[in-house]
Trainee: 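Pasting in a structure now, in structure tokens, and then I'll have a few things to ask.
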Number of protein chains: 2
Amino acid sequence: MRPTVHDIAAAAGVSLATVDRVLNQRAGVRSVTRQRVEAVINDIGYVRDMAAANLAKGRLYPLVFILPASDNSFMHSLHAEARQAISRAGSERCSIRIIEVKAFDPAALVAALDSLAGADIAGVALVAVDAPEVRDAVERLVQAKIPVVTLVSDLTGSARHHYAGIDNIAAGRTAARLLGRFLGGRKGEVLVLAGSLLVRDHRERLEGFSAMMEQEFSALTLLPVLEGLDDPETVNGLVTKALADNPDVIGIYSIGAGNRGLIRALRARAAGKALTVVAHELTDYTREALQDGLIDVVLNQDAGHEVRSAVRVLKAKADGLAVIAAQERIRLDIFLKDNLP
Amino acid sequence: MRPTVHDIAAAAGVSLATVDRVLNQRAGVRSVTRQRVEAVINDIGYVRDMAAANLAKGRLYPLVFILPASDNSFMHSLHAEARQAISRAGSERCSIRIIEVKAFDPAALVAALDSLAGADIAGVALVAVDAPEVRDAVERLVQAKIPVVTLVSDLTGSARHHYAGIDNIAAGRTAARLLGRFLGGRKGEVLVLAGSLLVRDHRERLEGFSAMMEQEFSALTLLPVLEGLDDPETVNGLVTKALADNPDVIGIYSIGAGNRGLIRALRARAAGKALTVVAHELTDYTREALQDGLIDVVLNQDAGHEVRSAVRVLKAKADGLAVIAAQERIRLDIFLKDNLP
DNA sequence: CTGTTAGCGCTTTCAC
DNA sequence: GTGAAAGCGCTAACAG
């Protein structure tokens, strides 16, 4: 059996209370005693049984998830996963509260963050809007020793403890290479469709995409980026018009959400020139389009993994423990019609 | 606070012992009493605190990992991940023992499995060799109520509780589509390189690959499959010869390990016709080759995820608990030089 | 059949 | 400064 506090106490000739004080670095122990105890701890290779400690403490991890009230499939699934996490919270000694805020609105986000100031909170996860005032609000929480994790979209220059999301620059580069290689050296134009360039993840995808295109696929010309605000209707209109206006388009990269509109436009199009399409986020719509051959590649981030990872990281940070780095790396999933889950 | 056994006892007017007997479905309770207690349990929405229960029981999960003693990078990393799991085992109340067996040897595997018969084991994970005698040995463990998980390679028609590995047919199909699309309709021959068609994962990859090639990329002809036994030297020889003998090869699919040899052959080749190459498993060698443009795509399975998943699943099965299915799905990772971790 | 009691490994009063 | 003792939620003897 693993050594316990009793073993330490016996070996060091002190009481359990003293051992506990040393283990938890609380005051009230002569430094001679402390050192004796610490020596024993190292000696016998003691490691604390966290489960027992949490039981004794009645430890609870009150976590808060701040999520945008966006009406697109990806955000829906992020919400769903967060609710799933809530249903599991009991057995993991944590309680999760979801706060919904207006999307793309720094002020609303700041208000939500500041509302957490006094509260008894073990950690906060938020989908960041990349603005200085948000960065400052996060800074205040970090100062107050509250672990903070950004989710899906990161916050430039912020002190957040961790980012649970994909590398969006790499995602953009990957999209570019797949599109470029699939088009196999053909000459033509590429349509790029973003949600909004005010969010960091979309900006970064575009950045990676443009750089790679310029560098490796000079036969392809990028048309000016369209911003569809992740809204199906808007996207549909923009794409329909752009395809009509630009007969040389042979590829599309859809950076954001609202792919429902894109797919509608693709379906409506007279089956003319073949189009190669790369889009983000696997939803019911993009899955179907992939199967129908309307979309060629879907790049995806696993919302479930992101939420579970955020919970694990927040709990670990709350206790000052390390995480398994590889487990918390959020992968860029690449889906063709052949490897759909 | 969540309701506890005390609350149940009080509400049902019985003692803790009786509550415990009901909770653990042990005998020795009149069915009237049992029903009364069960009613209360449902009423107040009790859920057992597993951590406390395990503490009281002094529960330990003795797990066994049976791994092949193969000398290739992937198996090395699988071993490494298993050792990592051992180092974490303490804090997860489990003890993990690794048994090494001769690779591709059903008899050795059966011997290892049978050696576990009497032992106090909470679960077994094995890299299966797909043979009837292995299936039978697994069957015996399952009969003995020991949870069994296959790792990396599955066992046909077996009663194992779970498979922690990728969908290899989908992997083969994906390889085919990527190769086909990257080659963009060009006419030519494709070299297929397997480790051994005696292992199920390689067979399945080939199956998926061939089917997709035939179905969608008829401009490409598959050469007879070469078996390199996952051995770098052998692979190197085979590839060098095949490329010399078949000047029309424009694509390669490397199904198994031993890619060190493939890469050496590619480097040695006079920089002639461009070759499109899809290989499996991200190792130091394939990573470098990807960066150098020698390999175009690496399909990968995350050994760390597989090991962690196997541990979680075995523990859950040992307690008769459910797992989070999505978390235990092992993804097919697709790496281009642009999204390397 | 049912209840009492001690105890898992750790923390936390409250005395000394 | 230090220690004794009770208790977290659950289980496991051992009595009755």
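Naming convention: chains lettered A, B, ... in sequence-line order (proteins, then strands); numbering from 1 in each chain.
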Trainee: How long is the line joining CZ of A:Arg2 and P of C:dG9, in whole Å?
Mentor: 9 Å

Trainee: Nearest-Å distance, CD (B:Gln35) to P (C:dC1)?
Mentor: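 Answer to the nearest Å: 14 Å.
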
Trainee: Select from B:Ala27 and B:Lys57 the residue whose nearest nucleotide in DNA chain C is closer to the 5' end of that strand.
Mentor: B:Ala27

Trainee: Is there a side-chain contact between A:Gln301 and A:Glu306, using heavy atoms and a 4.5 Å cut-off?
Mentor: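 They are in contact (side-chain heavy atoms under 4.5 Å apart), so the answer is yes.
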
Trainee: Hey, could you give me the CG/CD distance between A:Asn54 and A:Glu92, rounded to the nearest 0.5 Å?
Mentor: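 Separation between the atoms: 12.0 Å.
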
Trainee: State which of D:dT11, C:dG3, C:dT11 makes the closest approach to the side chain of A:Asn24.
Mentor: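 Closest nucleotide among those given: C:dT11.
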
Trainee: When you measure from the side chain of A:His305 to the backbone N and O of B:Ala326, does any donor-acceptor pair fall under 3.5 Å?
Mentor: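 No; zero donor-acceptor contacts below 3.5 Å.
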
Trainee: Nearest-nucleotide wise, let me know which of A:Pro3 and B:Gly13 is further upstream toward the 5' end of DNA chain C.
Mentor: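 The answer here is B:Gly13.
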
Trainee: Rounding to a whole Å, what distance do you find between A:Met50:CE and D:dG9:P?
Mentor: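 Whole-Å distance recorded here is 18 Å.
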
Trainee: Under a 4.5 Å cut-off applied to non-hydrogen side-chain atoms, are B:Asp49 and B:Arg2 in contact?
Mentor: yes

Trainee: So what does B:Val14 touch, heavy atoms closer than 4.0 Å: a base, only the sugar-phosphate, or nothing?
Mentor: sugar-phosphate

Trainee: Side-chain N or O of B:Thr4 versus OP1/OP2 of D:dC8: is the shortest distance under 4.0 Å?
Mentor: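 So the side-chain polar atoms of B:Thr4 never come under 4.0 Å of the phosphate oxygens OP1 or OP2 of D:dC8.
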
Trainee: Under 4.0 Å between any heavy atoms, over every strand shown, what does A:Gly28 touch: base, sugar-phosphate, or nothing? Just pick one.
Mentor: base

Trainee: Between atom NE2 in B:His6 and atom C1' in C:dT5, what is the gap in whole Å?
Mentor: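 So the two atoms are 12 Å apart, to the nearest Å.
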
Trainee: So which nucleotide from D:dT11, D:dG1, C:dT2 ends up closest to the side chain of B:Leu23?
Mentor: D:dT11

Trainee: Rounding to a whole Å, what distance do you find between A:Leu55:CG and D:dC10:C1'?
Mentor: 8 Å

Trainee: Could you check how far CZ of B:Arg34 sits from C1' of C:dG3, rounded to whole Å?
Mentor: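 After rounding, the reported distance stands at 16 Å.
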
Trainee: Out of D:dC10, D:dA12, C:dG9, which nucleotide sits closest to the side chain of A:Asp49?
Mentor: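 From the listed options, C:dG9 comes nearest.
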
Trainee: Checking side-chain polar atoms at under 3.5 Å, does B:His79 have a donor or acceptor matched by the opposite partner on B:Glu100?
Mentor: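 Indeed, the side chains of B:His79 and B:Glu100 share at least one donor-acceptor pair under 3.5 Å.
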
Trainee: So does A:Thr18 get a side-chain nitrogen or oxygen closer than 4.0 Å to the phosphate oxygens (OP1/OP2) of D:dG1?
Mentor: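 No, outside the criterion.
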
Trainee: Heavy atoms from C-beta onward define the side chain here; which of C:dT12, C:dT2, C:dC8 lies closest to that of B:Thr33?
Mentor: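 Closest nucleotide to the B:Thr33 side chain: C:dT2.
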
Trainee: Between D:dG1, C:dT12, D:dG9, spot the one nearest the side chain of A:Ala17, thanks.
Mentor: C:dT12

Trainee: OP1 or OP2 of C:dG9 versus the side-chain N and O atoms of A:Arg48: is any pair under 4.0 Å?
Mentor: no

Trainee: Given atom CG of B:Asp20 and atom C1' of C:dC1, what is their separation to the nearest angstrom?
Mentor: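 Going from B:Asp20 (CG) to C:dC1 (C1'), I get 15 Å.
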
Trainee: To the nearest angstrom, how far is B:Leu16 atom CG from D:dC14 atom C1'?
Mentor: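 Answer to the nearest Å: 15 Å.
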
Trainee: Classify the side chain of B:Arg21 versus the base of C:dG3 as yes if they form a donor-acceptor pair under 3.5 Å and no if they do not.
Mentor: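 Looking at the base of C:dG3, it does pair with a donor or acceptor on the side chain of B:Arg21 (distance under 3.5 Å).
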
Trainee: Picking from D:dG3, C:dT12, C:dG7, which would you name as closest to the side chain of A:Arg26?
Mentor: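 Nucleotide nearest to A:Arg26's side chain: C:dT12.
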
Trainee: Would you say that A:Gln84 contacts A:Val307 through its side chain, given a criterion of any heavy-atom pair below 4.5 Å between the two side chains?
Mentor: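 No, side chains not in contact.
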
